[in-house]
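A, B, ... follow the sequence lines: proteins, then strands. Residue 1 opens every chain. What you see is a predicted model; the values in this text were computed from it and never measured.
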Amino acid sequence: MEQLLREKTAAIVNKLYGTKLSAQEITVNQTAKEFTGDFTVVIFSFVKIAKKKPEDVGKEIGDAILNEISDIESFNVVKGFVNFKLKNEFWNSFLINASRDENYFSFPSTNKKIMVEYAGPNTNKPLHLGHIRNIFIGYSVSEILKAAGNEVIKVNIYNDRGIHICKSMLAYQKYGGNETPKSKGVKGDHMVGDFYVKFDQELKIQIAGLMARGLNEEDAKKKAPLNIEVKEMLLKWENGDSEVRALWEMMNGWVYDGFEETYKLIGCDFNKHYKESDTYLLGKNIVEEGFNKKVFYKRQDGAVCVDLTEDGLDEKVLMRSDGTSVYITQDLGTADLRYKDFEPDQMIYTVANEQDYHFKVLKLVTEKLEKKYAAGINHLSYGMVDLPTGRMKSREGTVVDADILIEEMIRTAKEQTLELGKTENFSETEAEKLYYELGMGALKFFILKVDPRKRMIFNPKESIDFHGFTGPFIQYTYARIQSVKRKAGNTFKSSTPSVHANESELHLLLQLYLYPNIITEAAKNLDPALLANHIYFIAKSFNSFYAENSIVQAETVELKNFRLLLSDFTGSILKRGMKLLGIEVPERM
RNA sequence: GGUCCCGUAGUUCAAUGGAUAGAACGGAAGUUUCCUAAACUUUAAAUGUAGGUUCGAUUCCUACCGGGAUCACCA
């Protein structure tokens, strides 16, 4: 309807005033609630051209539109705004058609293949709050893109090699005995993470010891036996030393098992996991290739570099003077491999905004190499999650562990639910499922309702609520609808009511009608928050409607059927929308 | 210092350049003979500062103030 209004308005204005406006230049809004109408055309921009009063221009356009669009019942003009009201028949048939056809809001295929990378953990410690935001956003963006008609490939990248990985390996070798996650009864990623911390602690002791003997801090760091040993270990790894490689395989295996458990708990999935240990060598080949093509050059000290000063950046090293790879080397390899694997039209990287610079470089370098996929590289740069005390710091022990956080969420959900006595006639498995859905729903919604690009504050103790603008609010609304449906039976589904909808009904209908526009916008902007906000508006509209109107006890059968169709359709949109955020909705709660 | 991002009620978040800046939590006051009160209704409370562009600016531009990130042969 908005598009139709744009087109008609443009045509009318062009005809009346001799302009050459395109439909996209016309502003169409939802009518503000203080005024009568559903959609509003803003006409300020052509008032000047028409050389008439805004009210007169509005009248002319309104009259013409009324003639052209049969679904419009009336209009009114307030200053430069023309408010159009749609006919009852329009809303009745919209509701009947949309609620019957499950594919009513489905999008046609775009024939585009989009790859989304998200998660991207290191294999030396468990997932934390930062990964949680990353995973929620990456997963939800993928689902939204799918809903908008794209083919989506979800991939993960494991940063599984390097000095930081060797640190936990060395600590395990020295202090781990023959412990395994199984023997200790802990998750593999947590156990490996503990050894990573252990390395740091022991190193500190060594450094302090050396400094007590008169060395300055810098020298002490260099001479600390652990630091020397860990470098040796990395070298051994690079040379394929069988013992080190076996240890690496074993410990990374533990971590992967732990991660899989967390992914399952979170409810995310991947089509393929890439490992940097598999791609860093490929990256070196690409750097060689660029050097041979004279896109890159060797500095006097032998490091291979690219000059990005023309693009406002600096000189960037792509391969060390000793021929080993740097961070970006492996990203070049990974990108190339991914393109060979899937040939996506777009590669979206879900990575925190602290790496904006890195991805600018990656894109520029692939452009200079004239890679086909360069144009499709897109950094979905999200803001960091801060605690009320500031940034999370592993050294200060303020990192919020993902598994623990989720566990606490579920526990809180359970406490709140028991307090309300909602699960008294639930079976135990049903109840546990509900606590899980509510806990995860609260957490996911809390994070996803915020614009991904913005930095956000998370207070583990206070942030999560089950009232107001929250996941559980929407889940509750859904459960309420299902409850009404259980009481009403199924006959309404085939009914074709024709009623004069009241204000709260119209408001809800309009919110539902706008759902596909929101999906389009969310997909375009890679922004689940747009969807989260809109689903909330729908739920809120429904609750107002619910409080004001009797559904099952409606005055007439026709009205009852109408309200049941409206409720049913609201429920299905809430469920679909929440699904795209990765949130389940319960049938009762 | 260079580059980039961000400053909106007490707090956490909204607002393709459009109407009287929306919500939620917290505060104040209400709503249960009737479909689930994790709900609904009412109410007080905000655009960092100074300019500019515009019929119209939270939104765009400039300067300043405040916060954050980044500028490695670390990943």
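Ion pairing between a basic and an acidic side chain is recognised when a charged N comes within 4.0 Å of a carboxylate O; A/Lys284 and A/Glu288 show no such pairing. Salt-bridge check for A/Lys433 with A/Glu437: passed, with a basic side-chain N closer than 4.0 Å to an acidic carboxylate O. Classification of A/Lys414 and A/Glu432 as a salt-bridged pair holds, one side-chain N sitting under 4.0 Å from a carboxylate O.
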Show your working on side chain to side chain donor-acceptor pair (under 3.5 Å) between A/Thr36 and A/Asn76 and close with a plain yes or no. CA-CA 8 Å; A/Thr36 308; A/Asn76 62 79; 4.8 Å; no
Check against side chain to side chain donor-acceptor pair (under 3.5 Å), A/Arg480 and A/Asn543: CA-CA 9 Å; A/Arg480 232 181 182 185; A/Asn543 281 326; 2.8 Å; yes
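Separating the C1' atom of B/rC34 from that of B/rG27 is a span of 32 Å, rounded to the nearest Å. B/rG66 and B/rA29 have their P atoms separated by 42 Å, with the value rounded to a whole Å. Nucleotides B/rC55 and B/rG2, compared at atom C1', are 40 Å apart to the nearest Å. B/rA37 sits 30 Å from B/rA15 when the C1' atoms are compared, rounded to a whole Å. Rounded to the nearest Å, the gap between the C1' atom of B/rA50 and that of B/rU31 is 49 Å. Nucleotides B/rU47 and B/rA21, compared at atom C1', are 8 Å apart to the nearest Å. When the P atom is compared between B/rG22 and B/rA46, the two are found 12 Å apart, to the nearest whole Å. Using atom P as the reference point in both B/rA28 and B/rC71, the two lie 49 Å apart (nearest Å).
Nucleic acid contact for A/Phe473: sugar-phosphate only, since backbone atoms but no base atoms lie under 4.0 Å from a heavy atom of the residue. A/Arg391 comes within 4.0 angstrom of sugar-phosphate atoms only, judged by non-hydrogen atoms across all strands, and of no base. Residue contacts shown for A/Ala488 are absent, as no nucleic acid heavy atom lies under 4.0 Å away. At the heavy-atom level, A/Thr417 lies under 4.0 Å from base atoms of the strands shown. Within the 4.0 angstrom heavy-atom criterion, only backbone atoms of the sugar-phosphate kind lie near A/Tyr357; the bases stay farther away. Nucleic acid contact class of A/Ser544 (heavy atoms, under 4.0 Å, all strands): sugar-phosphate only. Looking at heavy-atom distances under 4.0 Å, A/Glu276 makes contact with sugar-phosphate atoms alone, never a base. Using a 4.0 Å heavy-atom cutoff across all strands shown, A/Leu438 reaches at least one base atom of the nucleic acid.
Look at NZ on A/Lys316: it is 18 Å from P on B/rU3, rounded to the nearest Å. Between A/Asp465 atom CG and B/rA23 atom P there is a gap of 18 Å when expressed in whole angstrom units. Between A/Gln511 atom CD and B/rG22 atom C1' there is a gap of 13 Å when expressed in whole angstrom units. Rounded to whole Å, atom C1' of B/rC4 lies 7 Å from atom CG of A/Asp356. One can place CZ of A/Phe359 at 14 Å from C1' of B/rU70, the figure rounded to the nearest angstrom. As a whole-Å value, the separation of A/Glu419 CD from B/rA37 C1' is 14 Å. Computed from coordinates, the A/Asp322 CG to B/rA72 C1' distance equals 14 Å when rounded to whole Å. Taking atom NE2 of A/His467 as the reference point, atom P of B/rC25 lies 8 Å away to the nearest angstrom.
For B/rA24, the base has no donor-acceptor partner in the side chain of A/Thr470 [N/O atoms by modelled type, under 3.5 angstrom].
Between A/Phe537 and A/Leu514 the shortest side-chain heavy-atom distance does not fall below 4.5 Å.
In this structure, OH in A/Tyr478 is found 9.0 Å from CG in A/Leu574, a value given to the nearest 0.5 Å.
Within residues 546-563 of chain A, the residues that have a heavy atom under 4.0 Å from RNA chain B are, in order of number, A/Tyr546, A/Ala547, A/Asn549, A/Ser550, A/Ile551, A/Val552.
Taken together, the paired segments of RNA chain B that extend over three or more consecutive Watson-Crick or G-U pairs, each closer than 3.5 Å at both contacts, are B:1-7 with B:65-71, B:10-13 with B:22-25, B:27-31 with B:39-43, B:48-52 with B:60-64.
When the nearest nucleotides of RNA chain B are assigned to A/Ser483 and A/Met319 by heavy-atom distance, the more 5′-ward of the two goes with A/Ser483. In terms of position on RNA chain B, the residue among A/Lys48 and A/Pro472 whose nearest nucleotide sits closer to the 5' end is A/Pro472.
At most 12 non-hydrogen atoms from other residues, nucleotides or ligands lie less than 6.0 angstrom from CD of A/Glu217.
Evaluation of the side chain to side chain donor-acceptor pair (under 3.5 Å) rule for A/Thr417 yields no partner, not counting sequence neighbours.
Applying the side chain to side chain donor-acceptor pair (under 3.5 Å) definition to pairs two or more places apart or across chains, those involving residues 120-131 of chain A are A/Thr123-A/Asn252. The salt bridge (charged side-chain N to carboxylate O under 4.0 Å, His left out) pairs that include a residue from residues 518-535 of chain A are A/Glu521-A/Lys524, where partners are two or more places apart or lie in different chains.
Proximity of the aromatic rings of A/Tyr17 and A/Phe46 is defined here by a centroid distance below 6.0 angstrom, and this criterion is not met.
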5' to 3', nucleotides 11-20 of chain B under a 4.0 Å protein heavy-atom cut-off (B base, S sugar-phosphate only, - none) gives -SSS-B-BBS
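Which of B/rU36, B/rU41, B/rC4 sits closest to the side chain of A/Lys540 comes down to B/rU41. If you check B/rU70, B/rA39, B/rA38 against the side chain of A/Arg480, the one that comes closest is B/rA39. Residue A/Tyr476 has its side chain nearest to B/rA39 when only B/rA75, B/rA39, B/rA69 are considered.
In this model, no donor atom of one side chain and acceptor atom of the other lie less than 3.5 Å apart for A/Thr470 and A/Asp465. Counting only N and O atoms by type, the side chains of A/Asn517 and A/Glu2 include a donor and acceptor under 3.5 Å apart.
Glycosidic conformation at B/rU32 (O4'-C1'-N9-C4 for purines, O4'-C1'-N1-C2 for pyrimidines): syn, within 90° of 0.
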